[in-house]
Amino acid sequence: MKVEEVLTEVLVRLGDKDKYDINNLPQNDSEIVTIIKCINMTLSEIASDYLPVEFEEQVEAINGIIPYDKLSKRLINLKKVTKNQSKIGAKMYPNEIVTQTSGLVNVHYLYMPDEVKLGDNIDLSPRITLMLIVYGALGEYCLLQGRYEDSMLYDKRYREMLKVACRVTKEIKLKHGWWY
């Protein structure tokens with residue numbers, strides 16, 4: 001989904017859609033900038049606390065050390081480090097990952113998505129719906145504007161939708177003939 005889609009839905013619910021030309025949004029309008037900050041706060045909360053985004057890449061461990069700035073994404077948590085399909089012991093430290101080997105390794109980790117701006121795509125789990133992000137952003141925006149009752153209403157909807165998105169579904173299998 002695109003940032004403009006989320007922004008349009010937020011503006012519709014705020015009653016401000018007629019104020020802006022959605023196809024030509026102003027980059028420096030204070031309301032638009034604030035809403036985009038609220039969208040980013042919502043995305044950060046989802047990615048860090050509820051549905052983290054996974055990424056795997058190949059990096060070089062020099063003397064068993066991989067500085068965080070060598071990773072292409074902002075690391076939240078390390079899942080595993082492998083070399084030639086074999087898992088390697090690794091530990092996170094404040095500024096680096098320390099592994100038990102040197103050379104090229106595959107690092108599988110959870111990351112914090114970059115902040116979005118107009119024109120960007122939002123790439124999170126497919127379970128994250130447009131309206132989930134809209135309600136989260138609306139809750140934040142209304143809180144910033146001092147509209148506390150509206151903020152509570154939108155935040156409640158956001159939290160309910162977040163529970164559904166985070167729900168783990170298991171496939172139920174019945175033995176043959178159990179339905180008779």
Q: Stepwise, does the side chain to side chain contact (heavy atoms under 4.5 Å, CB included) test hold for E45 with Y158?
A: CA-CA 12 Å; E45 179 181 15; Y158 165 68; 3.1 Å; yes
Q: Below 4.5 Å, heavy atoms only, C-beta onward: do E9 and M131 meet side chain to side chain?
A: yes
Q: Has D155 got a side-chain atom pairing as donor or acceptor with S151's backbone, closer than 3.5 angstrom?
A: no
Q: Using a 3.5 Å distance criterion without hydrogens, assess whether the side chain of S102 forms a donor-acceptor pair with backbone atoms of I62.
A: no
Q: Taking all atoms of both residues into account, what is the closest heavy-atom pair of A47 and M112, and its distance?
A: CB-SD, 4.4 Å
Q: Looking at every non-hydrogen atom in both residues, tell me the closest pair between I88 and T99 and how far apart they are.
A: CG2-CB, 4.5 Å
Q: Surrounding CE of M92 (heavy atoms of other residues, nucleotides or ligands, distance under 6.0 Å), is the total greater than 12?
A: yes
Q: Can you find a heavy atom in the side chain of I65 that is under 4.5 Å from one in the side chain of I97?
A: no
Q: Is there a side chain to side chain contact (heavy atoms under 4.5 Å, CB included) between K70 and E60? Walk through the geometry before answering.
A: CA-CA 8 Å; K70 295 291 181 190; E60 186 172 5; over 6 Å; no
Q: Spell out, as yes or no, whether a donor-acceptor pair under 3.5 Å connects the side chain of R74 to the backbone of P113.
A: yes
Q: Going by side-chain hydrogen bond (donor to acceptor under 3.5 Å, both in side chains), name the residues that satisfy it together with Y109, two or more places apart in sequence or in a different chain.
A: E57
Q: Quick one: are I133 and M1 in side-chain contact, heavy atoms under 4.5 Å?
A: yes
Q: Running the 4.5 Å side-chain criterion over Ile, Leu, Val, Met, Phe, Trp and Tyr, what cluster does L144 land in, apart from itself?
A: M41
Q: Take E5 and V3 through the test side chain to side chain contact (heavy atoms under 4.5 Å, CB included) and record every step on the way to the result.
A: CA-CA 5 Å; E5 293 174 53; V3 172; over 6 Å; no
Q: Would L43 and V33 show up in the same hydrophobic cluster when neighbours are defined by side-chain heavy atoms closer than 4.5 Å?
A: no
Q: Does a side-chain heavy-atom distance below 4.5 Å link K163 with R159?
A: no
Q: For residues V59 and L104, determine if any side-chain heavy atom of one lies less than 4.5 Å from a side-chain heavy atom of the other.
A: no
Q: Evaluate the criterion side chain to side chain contact (heavy atoms under 4.5 Å, CB included) for residue pair M161 and R127; output intermediate values, then yes/no.
A: CA-CA 10 Å; M161 290 180 79; R127 294 188 278 174; over 6 Å; no
Q: Within the distance-only criterion (no hydrogens, no angle test), does the side chain of K80 pair as donor or acceptor with the backbone N or O of V107 below 3.5 angstrom?
A: no
Q: Fit a plane to each ring of Y111 and F55, take the angle between them on a 0 to 90° scale, and name the class: parallel (under 30°), tilted (30 to 60°) or perpendicular (over 60°).
A: perpendicular
Q: Taking all heavy atoms of V105 and all of T101, pick out the closest pair and write down the distance.
A: CG1-CG2, 3.9 Å
Q: Report yes or no: does T42 contribute a side-chain atom to a donor-acceptor pair with the main-chain N or O of A137 at less than 3.5 Å?
A: yes
Q: Is there a side-chain contact between L153 and E149 (heavy atoms, below 4.5 Å)?
A: no
Q: If you count every heavy atom of other residues, nucleotides or ligands that lies below 6.0 Å from N121 atom CG, does the total exceed 12?
A: yes
Q: For R147, which residues count as a side-chain hydrogen bond (donor to acceptor under 3.5 Å, both in side chains) partner, sequence neighbours excluded?
A: D150
Q: Do the non-hydrogen side-chain atoms of L11 and I35 ever get within less than 4.5 Å of each other?
A: yes
Q: Which heavy atom of Y50 sits nearest to which heavy atom of C166, and what is that distance?
A: CB-SG, 3.7 Å
Q: Looking at every heavy atom in both S48 and I76, which two are closest together, and how far apart are they?
A: CA-CD1, 3.9 Å
Q: Check this for me: Q58, atom CD, are more than 12 non-hydrogen atoms of other residues, nucleotides or ligands nearer than 6.0 Å?
A: yes
Q: Quick check on side-chain contact (heavy atoms from CB on, under 4.5 Å): which of L124, L132, I128 does L51 satisfy it with?
A: I128
Q: Which residues satisfy the side-chain hydrogen bond (donor to acceptor under 3.5 Å, both in side chains) test with N77, sequence neighbours excluded?
A: none
Q: Applying side-chain hydrogen bond (donor to acceptor under 3.5 Å, both in side chains), can you list everything that pairs with Y68, at least two apart in sequence or on another chain?
A: none
Q: Do you reckon Y135 sits in the same ILVMFWY cluster as L143, going by side-chain contacts under 4.5 Å, direct or chained?
A: no
Q: Just by modelled atom types, is the Q85 backbone N or O under 3.5 Å from a matching donor or acceptor in the T82 side chain?
A: no
Q: Got a sec: does the NZ of K83 have more than 12 other heavy atoms crowding it under 6.0 Å?
A: yes
Q: Could you tell me whether a side-chain N or O of D29 sits under 3.5 Å from a main-chain N or O of E31, the two making a donor and an acceptor?
A: yes
Q: Assess whether atom CG of N63 is packed by more than 12 heavy atoms of other residues, nucleotides or ligands within 6.0 Å.
A: no
Q: Considering non-hydrogen atoms only, spot the tightest contact between N40 and E115 and give its length.
A: OD1-CA, 3.3 Å
Q: Would you say that V164 contacts E160 through its side chain, given a criterion of any heavy-atom pair below 4.5 Å between the two side chains?
A: no
Q: Apart from V12 itself, what residues make up its hydrophobic cluster when side-chain heavy atoms of I, L, V, M, F, W and Y under 4.5 Å apart count as a link, directly or indirectly?
A: none
